[in-house]
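Note on naming: letters A, B, ... go to the chains in the order of the sequence lines (proteins, then strands), and numbering restarts at 1 for each one. Atoms considered below: every heavy atom in the structure, side chains included; atoms not considered: hydrogens, waters and symmetry mates.
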Amino acid sequence: MLDLKFLRENPEEVKKAFLSRGLEFEVGDLLALDEKRRRILGEVEGLRSYRNRVSREFAKAKFEDKEFLVEKEKIREISEKISHLEKELSQIEEEIENTLLNLPNLPHSSVPIGKDETENQLIRSWGKKRDFSFEPLPHWEIGKILGILDFERGAKLAKSRFTVSMGAGAQLERALIQFMLDLHTKEHGYVEVWPPLLVNSQTMTGTGQLPKFGEDMFFCSEDGLYLIPTAEVPLTNLHAGEILDGNQLPLKYTAYTPCFRREAGSYGRDTRGIIRQHQFNKVELVKITKPEQSYDELESLVGDAEEVLKRLELPYRVILLCTGDLGFSSAKTYDLEVWLPGENTYKEISSCSNCEDFQARRAKIRYKEGQAGKPRLVHTLNGSGLAVGRTVAAILENYQEADGSVIVPEVLRPYMGGLKKIVSRES
RNA sequence: GGAGAGAUGGCCGAGAGGUUGAAGGCACUCGCCUGCUAAGCGAGUAAGGGGGUUUAAAGCCUCCUUCGAGGGUUCGAAUCCCUCUCUCUCCGCCA
């Protein structure tokens, strides 16, 4: 959420920042509303102050005095006026809140200006694309040949964009989750969390999914709960409403969770394979930091995610998103894109963002340095470390052999009972 | 799902219509005292918002709000009434 004070003092800067995201927003109305709010607030407070003072005197007064009765009537009228103004005030405040909740974050100054993904910046590439002596297949073909990915039965059980993983396919998901969690907890210092997969609307508002993106989520209306689209939601909101001890920052959390997305409006994109599913596994990384350390922490967060790809020996590149491609809550985002030889393309497999105080302001996550001083908003960061389904796809495509079998990456073998090669399953 | 009890500051806990933003304790901070430690003595320690002061921040001054959330009664509500949420105990159900 945008800081109203910042907007008040830098209206032109804010306008320009939104424009760089492709959002035309007239700040004038909001500022006028804010001015009106402060005017009425001043009036209400003055009246309340008067009422409080007189009421306190009543405590000592004789209740039968004529003066008391007259004054009492007067205060009654003032109270009516107050409640009238309060109603107006809360309407204005709601309108302001509503507007602010629907505005995206401001891009960081290091983010390149650009209108869409074509203007994203390549930061670095890693790994060598393998030379195939045969035509590499896309992962859905390999999955079918091996009998480890079943799209028809997924659609039968639920609907399209649901897939059943069988045998080594299911095992591969589990092995990857275990491998990633072990890496992040044992070597990168993250605390493992197993959070609720259903959360309430307040939590969804804290990280920015609501009110704007309700359509993208599965919602259980009976209970007012949403299925999480990413573990970023419960992890970041863990400390919602809290004032943390500055000495404990940064906090680093990791969680494996299934993620649920309705993918409304993505018809026709990635319709084949397991790249875009309604339900997928992901290991998420979240950091809660002081403002002055958040950009260093973003770099190391990206490194933590990259390490997974390096150990799996999957070629990838790091992309810095331009202003026009930036997510709603993010001030700066790096995407990791893994090489998919079967589809001859790079595909996003991780997205690492610094949300600065955007989510912290919504979720009221603050910290205090020692005894003295005011609470300050923390910065929140999140990144995939990694999307598990897409990692499976990348392994199938990068490690495929001419006979249709797939070599198991070395680091995963201990997690697969020593399995070195996935061969066709007798179905 | 049924019955009952409860929700107060960083924590524990008093408070039952009127200078109570809230006794007391614990914890913490600063000072004093003391070979060290412990104890003792003194002072202090909630958050949000508006306005003022300041180049700005910090700080300071001032006002308002907040005792789970929302609404009501009243000149005045932590205290009375209603609704909701959550926690605990017992019963039922259940992996």
Do any side-chain nitrogens or oxygens of [X] fall under 4.0 Å of OP1 or OP2 in [N]?
| X | N | answer |
| --- | --- | --- |
| A:R56 | B:rC75 | no |
| A:K72 | B:rU74 | no |
| A:S79 | B:rG76 | yes |

How would you label the contact of [X] with the nucleic acid (heavy atoms, under 4.0 Å): base, sugar-phosphate, or nothing?
| X | answer |
| --- | --- |
| A:K364 | nothing |
| A:R39 | nothing |
| A:R8 | sugar-phosphate |

Query raised in the report: Which listed nucleotide (B:rC64, B:rC75, B:rG51) is nearest to the side chain of A:R38?
Result: B:rG51
Spacing of the [atom1] atoms in [M] and [N] (rounded, Å):
| N | M | atom1 | result |
| --- | --- | --- | --- |
| B:rA77 | B:rC91 | C1' | 37 Å |
| B:rA38 | B:rU45 | P | 24 Å |
| B:rG1 | B:rC94 | P | 16 Å |
| B:rU8 | B:rC80 | P | 16 Å |
| B:rU79 | B:rU19 | P | 14 Å |
| B:rG6 | B:rG10 | P | 24 Å |
| B:rA7 | B:rA14 | P | 9 Å |
| B:rG9 | B:rU66 | P | 15 Å |

Check the orientation of [X] and [Y]. Use parallel for under 30°, tilted for 30 to 60°, and perpendicular for over 60°.
| X | Y | answer |
| --- | --- | --- |
| A:H188 | A:Y190 | perpendicular |
| A:F162 | A:F218 | tilted |
| A:F18 | A:F25 | perpendicular |

Report task. Find out whether A:S330 and A:N105 are in side-chain contact, i.e. whether some heavy atom of one side chain is under 4.5 Å from a heavy atom of the other. Result -> no
Query raised in the report: In Watson-Crick or G-U wobble terms, both distances under 3.5 Å, what is the partner of B:rU37?
Result: none
Report task. Would you state whether a donor and an acceptor, one from the side chain of A:E45 and one from the base of B:rG49, lie under 3.5 Å apart? Result ->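 Yes, a donor-acceptor pair under 3.5 Å.
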